[in-house]
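Any value given below was found using the heavy atoms of this structure, including those in side chains, with hydrogens, waters and symmetry copies removed. Predicted, not measured: the structure shown is a model, and the values here were computed from it.
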Amino acid sequence: MLFLSLFLLVLAREAMANVNCNPNSASDILTLDGIRDSLIRQEDSIVFSLIERARFPLNGKMYHHNHVSIPGFSGSLVEFIVRETEAIQAKAGRYENPEENPFFPENLPRPLVHPHKFPKVLHPSGASINMNKAIWDFYFNKFLPLLVTDGDDGNYAATAASDLACLQALSRRIHCGKYVAEVKFRDAPNEYETPIRSQERDTLMKLLTFEAVEEQVKKRVEKKAMVFGQEVTLNNTNGGGKYKIDPSLASRLYDEWVMPLTKEVEVEYLLCRLG
């Protein structure tokens with residue numbers, strides 16, 4: 001029942017977001033504007049997931065290795081829950097979608113349902129890029145302590161479900177960098193081919209960096225955190241300026257981790273693009 005509840009919770013979050021970088025059919029055209037619209041909508045999903053996670057304190061015991069004794073398993077409780085939930089979702093075909101990248105891809109079960117045929121728009125050499133180890137590290141070790149208060153309320157299963165929702169939303173957004181890189185390469189192959197062939201990471205990073213756009217993203221995400229996270233009252237005020245999460249933290253999340261890792265995905269993808 002625990003894992004069924006976690007599974008249903010994650011599915012509900014995904015239904016609310018309903019965002020795709022990948023075209024829905026082979027006739028759809030992969031465009032930068034379409035991907036940009038998707039990334040803007042994914043900001044909503046990320047901000048909402050952060051607000052949900054902030055409802056709980058840190059609950060640090062669930063991140064301690066072997067804090068609980070689980071037969072046949074060695075690791076933290078949150079790792080156990082994520083692994084088991086991903087296994088259930090793999091059976092339902094989640095990871096047949098090229099946008100979805102598991103945090104524990106080893107030994108995932110095969111789908112038990114007939115998988116949807118997603119159009120193949122990514123180059124095979126770069127499609128398997130997975131940055132989830134870096135996402136896991138920054139989320140738990142750097143970002144989460146900034147987001148939540150210290151303490152332990154014992155709601156470990158619900159807390160882990162919120163963590164997983166955050167992780168998957170962040171992973172989906174960051175790995176959309178593959179699609180960004182693909183469409184940019186298609187739009188200007190001559191501009192990218194030389195640094196790709198010479199494996200010039202720094203040159204590719206400069207080509208992919210637009211500081212003015214990144215500033216707009218940070219401001220928009222911060223404003224969304226203000227709007228979505230305000231305390232609503234009946235007297236048409238925002239509760240005296242109280243917010244469910246610090247809006248500047250959403251901006252910092254994008255500035256220090258989301259956008260840099262997205263560009264890292266783009267660079268890694270392009271380095272494989274002519275393979």
Side-chain angles (χ1 to χ4, degrees), residues 1-19 38-63 76-86 88-89 94 99-103 132 135-176 220-233 238-239 241-254 256-258:
M1 290 299 294
L2 167 61
F3 299 120
L4 178 60
S5 298
L6 293 173
F7 182 47
L8 293 176
L9 174 60
V10 173
L11 288 182
R13 290 181 183 276
E14 290 180 349
M16 179 179 67
N18 193 26
V19 175
S38 172
L39 295 179
I40 290 173
R41 292 175 61 197
Q42 288 189 55
E43 294 166 4
D44 301 355
S45 181
I46 290 174
V47 172
F48 279 123
S49 69
L50 298 181
I51 291 172
E52 280 297 298
R53 177 58 183 91
R55 292 197 302 118
F56 304 100
L58 182 59
N59 286 332
K61 291 180 181 178
M62 59 184 292
Y63 308 119
S76 67
L77 179 58
V78 70
E79 181 182 336
F80 175 76
I81 291 175
V82 171
R83 284 180 180 273
E84 293 294 313
T85 306
E86 286 191 339
I88 293 173
Q89 294 178 342
R94 176 178 185 133
E99 290 181 52
E100 302 290 350
N101 296 270
F103 283 85
N132 279 343
I135 295 171
W136 183 281
D137 177 66
F138 90 72
Y139 175 78
F140 286 114
N141 296 325
K142 299 176 183 177
F143 179 74
L144 188 59
L146 303 174
L147 176 68
V148 300
T149 60
D150 199 10
D152 192 317
D153 66 0
N155 288 306
Y156 299 149
T159 301
S162 293
D163 280 330
L164 180 56
C166 291
L167 288 168
Q168 290 180 329
L170 290 167
S171 176
R172 192 180 305 112
R173 197 282 182 202
I174 289 168
H175 286 100
C176 271
R220 186 173 59 242
V221 171
E222 182 169 349
K223 187 170 183 179
K224 286 183 177 183
M226 292 176 65
V227 173
F228 301 159
Q230 63 183 311
E231 297 286 351
V232 178
T233 65
N238 67 346
K242 295 180 179 179
Y243 301 104
K244 296 172 184 176
I245 64 171
D246 180 356
S248 66
L249 190 56
S251 175
R252 182 176 175 182
L253 170 66
Y254 269 70
E256 295 188 19
W257 296 294
V258 172

request  = Verify side chain to side chain contact (heavy atoms under 4.5 Å, CB included) between I135 and H175, making sure each step is shown before the conclusion.
outcome  = CA-CA 11 Å; I135 295 171; H175 286 100; 4.1 Å; yes
Say you draw a straight line from [atom1] of [X] to [atom2] of [Y]; how long is it, rounded to the nearest 0.5 Å?
{"X": "M226", "Y": "S248", "atom1": "CE", "atom2": "OG", "value": "10.0 Å"}
{"X": "E84", "Y": "L164", "atom1": "CD", "atom2": "CG", "value": "12.5 Å"}
{"X": "K244", "Y": "R53", "atom1": "NZ", "atom2": "CZ", "value": "16.0 Å"}
{"X": "I46", "Y": "Q168", "atom1": "CD1", "atom2": "CD", "value": "12.5 Å"}
{"X": "Y254", "Y": "R220", "atom1": "OH", "atom2": "CZ", "value": "8.5 Å"}
{"X": "L167", "Y": "F103", "atom1": "CG", "atom2": "CZ", "value": "4.5 Å"}

query = Donor-acceptor pair, D246 side chain versus L147 backbone, under 3.5 Å?
reply = no
request  = For the pair S45 (side chain) and R41 (backbone), establish whether a donor and an acceptor sit closer than 3.5 Å, ignoring hydrogens and angles.
outcome  = no
Do the side chains of [Y] and [X] get nearer than 4.5 Å, heavy atoms only?
{"X": "R55", "Y": "N155", "value": "no"}
{"X": "S251", "Y": "V221", "value": "no"}
{"X": "E256", "Y": "F143", "value": "no"}

Taking all atoms of both residues into account, what is the closest heavy-atom pair of [X] and [Y], and its distance?
{"X": "N132", "Y": "N101", "value": "ND2-O, 2.6 Å"}
{"X": "W136", "Y": "E79", "value": "CH2-CA, 4.1 Å"}
{"X": "S49", "Y": "C166", "value": "O-SG, 3.3 Å"}
{"X": "V148", "Y": "A54", "value": "CG1-CA, 4.1 Å"}
{"X": "I51", "Y": "I245", "value": "CA-CG2, 4.0 Å"}
{"X": "F138", "Y": "L253", "value": "CE1-CD1, 3.7 Å"}

If you measure from the Lys or Arg side-chain nitrogens to the Asp or Glu carboxylate oxygens, is any gap between [X] and [Y] under 4.0 Å?
{"X": "E86", "Y": "R83", "result": "no"}
{"X": "R172", "Y": "E100", "result": "yes"}
{"X": "K242", "Y": "E231", "result": "no"}

request  = Assess whether side chain to side chain contact (heavy atoms under 4.5 Å, CB included) is satisfied between K224 and V227, documenting all intermediate values.
outcome  = CA-CA 5 Å; K224 286 183 177 183; V227 173; 5.8 Å; no
inquiry  = What verdict does the side chain to side chain contact (heavy atoms under 4.5 Å, CB included) test give for F140 and V78, after you've listed the backbone C-alpha separation in whole Å, the side-chain angles of each residue and the deciding distance to 0.1 Å?
reply    = CA-CA 11 Å; F140 286 114; V78 70; 4.1 Å; yes
note = Checking D163, N141, T159 against Y63 for side-chain hydrogen bond (donor to acceptor under 3.5 Å, both in side chains), the one that qualifies is D163
